Amino acid sequence: MPPTLRLIDVTLTYNPGRADEVRALRGVNLDVDQGEFITVVGSNGAGKSSTVQVIAGDVRPSTGEVRMNGRVVNAWPEHKRAGLVARVFDDPRVGSAPDLSVEDNLALALARGRRRTLRFALDQKRRRHLREKLSELGLGLEDRLHQRVGLLSAGQRQSLTMVMAGLASPRILLLDEHLAALDPATAQRVLTVTSTLVREMECATLMVTHNMDHAISIGTRLLVMSGGVIISDIAEQEKQDLTVKGLIDRITRAGGTVADRTLLAQ
Ligand SMILES: Nc1ncnc2c1ncn2[C@@H]1O[C@H](COP(=O)(O)OP(=O)(O)OP(=O)(O)O)[C@@H](O)[C@H]1O
């Protein structure tokens, strides 16, 4: 079976041929299988977000191929990939509709997952199931099903976005610095939620983070990017023994730099 996600020699050049040309990706090769949970670190401008954008379909690679379940998807716009790819952004306000209730947001996500063949409203059984699912997160969301999402805290809202991503049954989940806007204690809680939900989803997951502790403590594989390429690909076994200092040493030895804000986040 082909990998769920495959990047073959992907390059991305912004503003080609102009004075402000930037070679954001210089040949990224990556295979991600179902169930793999990859954390991605790297200094500012390393190409992490560009990689996520190329996978999400925000931008097309300049050269190379993006494959999903064996199919080349370079030319697929974002909306065509929506059934396969779910994405959680750094801004907790982005992933859910503030004027709709928690329940209506969940119903929308569920409908998206079933490719809109489902009735919009939740029936009793599904409502019970969702309430159980929310209560497992330990954030009190199960008692706020009828409240407007705009009233939730940032951590609750980001957790809700994660649950919504799960309901859409994606094959690929992209977490683009999704903890960056949260205070450390909330980020830790949402990290636990992330771990639980990603395990249930069994998709191919990429999580971009500037927090080395998070990158080490969660997931099954760790990638380090620098200068538009992957400079280190660390498997689960090796990752388990890593310390933050060990990882930073490793990045420096591989020729990468560590951003100030990464160091500050430790
Ligand atoms: N729309 C754009 N137009 C021009 N250059 C861009 C654009 N987006 C990103 N870049 C440049 O591409 C390079 C890679 O950026 P990218 O955002 O992928 O890095 P990153 O690893 O996510 O960095 P950060 O951690 O700072 O978010 C950088 O030099 C950046 O300035």
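Side chains included, hydrogens not; waters and symmetry mates left out as well; all remaining heavy atoms used. Keep in mind that this is a model prediction, so the values were computed, not measured. Both ligands and their constituent atoms are indexed starting at 1 by order of listing.
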Quick one: does R148's side chain have a donor or acceptor within less than 3.5 Å of a partner on L100's backbone? no
Take M225 and T51 through the test side-chain contact (heavy atoms from CB on, under 4.5 Å) and record every step on the way to the result. CA-CA 10 Å; M225 292 196 73; T51 303; 3.4 Å; yes
Could an N or O of ligand 1 be found under 3.5 Å from any N or O of A46, whether backbone or side chain? yes
side-chain hydrogen bond (donor to acceptor under 3.5 Å, both in side chains) involving D31 - partner list, sequence neighbours excluded: R6
Does any N/O atom on G47 come nearer than 3.5 Å to any N/O atom on ligand 1? yes
Please could you name the atoms of ligand 1 that A24 approaches to less than 4.0 Å, counting only its heavy atoms? 12 (O), 13 (C), 14 (C)
Touching ligand 1 at all, H210? Heavy atoms, strictly under 4.0 Å? yes
Evaluate K48 for polar contact with ligand 1, using N/O atom pairs at a separation under 3.5 Å. yes
So which bit of N44 gets within less than 4.0 Å of ligand 1, heavy atoms only: side chain, backbone, both or neither? both
Between S62 and T11, is any side-chain donor less than 3.5 angstrom from a side-chain acceptor? no
Between D183 and T186, is the side-chain hydrogen bond (donor to acceptor under 3.5 Å, both in side chains) condition met? List the steps. CA-CA 5 Å; D183 65 75; T186 309; 2.7 Å; yes
Donor + acceptor pair across side chains of R250, S232 (<3.5 Å): yes
Can I get a per-line list of side-chain donor-acceptor pairs under 3.5 Å for residues 157-168, giving both atom names and the distance, sequence neighbours left out?
{"residue": "R157", "atom": "NE", "partner": "S96", "partner atom": "OG", "Å": "3.0"}
{"residue": "R157", "atom": "NH2", "partner": "R93", "partner atom": "O", "Å": "3.1"}
{"residue": "R157", "atom": "NH2", "partner": "S96", "partner atom": "O", "Å": "3.1"}
{"residue": "Q158", "atom": "NE2", "partner": "F89", "partner atom": "O", "Å": "2.7"}
{"residue": "Q158", "atom": "NE2", "partner": "H178", "partner atom": "O", "Å": "2.9"}
{"residue": "S159", "atom": "OG", "partner": "G155", "partner atom": "O", "Å": "2.9"}
{"residue": "T161", "atom": "OG1", "partner": "R157", "partner atom": "O", "Å": "2.9"}

Is there a heavy atom in S43 that sits closer than 4.0 Å to ligand 1? yes
Closest to atom 14 (C) of ligand 1 among S49, G227, G45, G42 (heavy-atom distance): G45
Please could you name the atoms of ligand 1 that S50 approaches to less than 4.0 Å, counting only its heavy atoms? 14 (C), 15 (O), 16 (P), 18 (O)
Among R23, R18, M225, E177, which one puts a heavy atom closest to atom 27 (O) of ligand 1? E177
